[in-house]
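Down below is the structure, laid out as structure tokens.
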Amino acid sequence: MERTFFLIASLLGGLSVALGAFGAHGLRGRIEESLLANYQTGVSYMFYHTLALFAVVLALGKWPASALPVWAGWLFIAGIVLFSGSLCVMALTGMRWLGAITPIGGAAFIAGWLLLAITAWRA
């Protein structure tokens, strides 16, 4: 799983930079400021949780017997898709109802962090 999460994190890191550049240079002045702010929040959280996936890789190396970091990794990925994805798609399409999905992704982020904390606590 370490290799899988490292690969996914690497790809998401590059995608975060590309989406951030697109937002800064391609969207400014083309969409409402509130939607641009949502987009930027989505990209920022995507990048933060890409780094969290690298923390998962470290946790898997340090505590290989624990399944909790694996769950944390999948929760971070789900959070990126649901939280960041919903904000970015909402900004690009104007479909504000997607905002209802965003908190589910936020809950996945929180759960992932808690699982990493429990992993360290139990070690």
Side-chain angles (χ1 to χ4, degrees):
M1 286 311 301
E2 290 172 72
R3 182 179 181 193
T4 299
F5 285 133
F6 195 96
L7 175 64
I8 292 169
S10 298
L11 294 171
L12 287 172
L15 182 60
S16 297
V17 173
L19 290 174
F22 174 69
H25 303 292
L27 293 180
R28 191 165 309 281
R30 294 181 185 214
I31 63 173
E32 296 174 32
E33 283 299 315
S34 64
L35 290 175
L36 183 59
N38 287 344
Y39 182 89
Q40 290 170 334
T41 299
V43 172
S44 294
Y45 274 73
M46 180 181 189
F47 191 72
Y48 302 149
H49 290 87
T50 293
L51 296 176
L53 279 175
F54 285 117
V56 166
V57 171
L58 293 174
L60 286 169
K62 185 159 182 68
W63 302 294
S66 178
L68 294 180
V70 173
W71 283 101
W74 290 119
L75 284 166
F76 289 145
I77 291 168
I80 288 169
V81 170
L82 296 172
F83 183 91
S84 299
S86 66
L87 288 176
C88 290
V89 171
M90 180 174 55
L92 294 172
T93 65
M95 294 188 296
R96 294 181 189 268
W97 63 266
L98 288 169
I101 296 169
T102 307
I104 299 168
F109 286 151
I110 293 166
W113 286 112
L114 289 173
L115 289 180
L116 283 183
I118 292 167
T119 300
W121 179 265
R122 289 183 177 174

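As the structure is a computational prediction, the values presented were derived from the model and not from experiment.
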Worksheet item: Can Phe5 and Leu60 be said to form a side chain to side chain contact (heavy atoms under 4.5 Å, CB included), step by step?
Response: CA-CA 10 Å; Phe5 285 133; Leu60 286 169; 3.8 Å; yes
Kindly indicate whether the side chain of [X], heavy atoms from C-beta on, has any atom under 4.5 Å from the side chain of [Y].
X     : Y      : result
Pro69 : Leu115 : no
Leu11 : Leu15  : no
Val56 : Glu2   : no
Met1  : Phe6   : no

Worksheet item: Please, which pairs that meet ring pair (Phe, Tyr, Trp, His ring centres under 6.0 Å) have at least one residue in residues 11-44, sequence neighbours excluded?
Response: none
Discussion item. Side chain to side chain contact (heavy atoms under 4.5 Å, CB included), that's the test. Do Phe47 and Ser84 meet it? Break it down for me.
Written reply: CA-CA 9 Å; Phe47 191 72; Ser84 299; over 6 Å; no
Taking all atoms of both residues into account, what is the closest heavy-atom pair of [X] and [Y], and its distance?
X     : Y      : result
Leu75 : Gly112 : CD1-N, 3.8 Å
Leu35 : Met90  : CD2-O, 4.1 Å
Leu82 : Gly105 : CB-CA, 3.7 Å
Leu53 : Ala9   : CB-CB, 3.7 Å

Quick check on the hydrophobic clustering: are [X] and [Y] connected, directly or via other members, by side-chain heavy-atom contacts under 4.5 Å?
X     : Y     : answer
Ile80 : Trp74 : yes
Leu87 : Leu36 : yes
Val57 : Val70 : yes
Ile77 : Leu68 : no
Val89 : Phe83 : yes

Enter the distance from [X]:[atom1] to [Y]:[atom2] here, rounded to the nearest 0.5 Å.
X      : Y      : atom1 : atom2 : result
Ile104 : Phe109 : CD1   : CZ    : 12.5 Å
Leu114 : Trp121 : CG    : CH2   : 13.5 Å
Met46  : Leu19  : CE    : CG    : 5.5 Å
Ile101 : Met95  : CD1   : CE    : 9.0 Å

Discussion item. Could you check whether Trp71 and Phe76 have their ring centres less than 6.0 Å apart?
Written reply: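 For Phe76 and Trp71, the ring centres are not under 6.0 Å apart.
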Worksheet item: Could you give all pairs that pass the side-chain hydrogen bond (donor to acceptor under 3.5 Å, both in side chains) test and reach residues 45-54, with sequence neighbours left out?
Response: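 Found His49-Trp113.
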Discussion item. Quick test of your reading: applying side-chain hydrogen bond (donor to acceptor under 3.5 Å, both in side chains), list the pairs with at least one residue in residues 92-102, sequence neighbours left out, ordered by first then second residue.
Written reply: Glu32-Arg96, Ser86-Thr102
Discussion item. I'd like to know whether Gln40 forms a side chain to side chain contact (heavy atoms under 4.5 Å, CB included) with Val43, so could you lay out the CA-CA distance, the side-chain angles of the two residues, the decisive distance to 0.1 Å, and finally the verdict.
Written reply: CA-CA 5 Å; Gln40 290 170 334; Val43 172; 5.8 Å; no
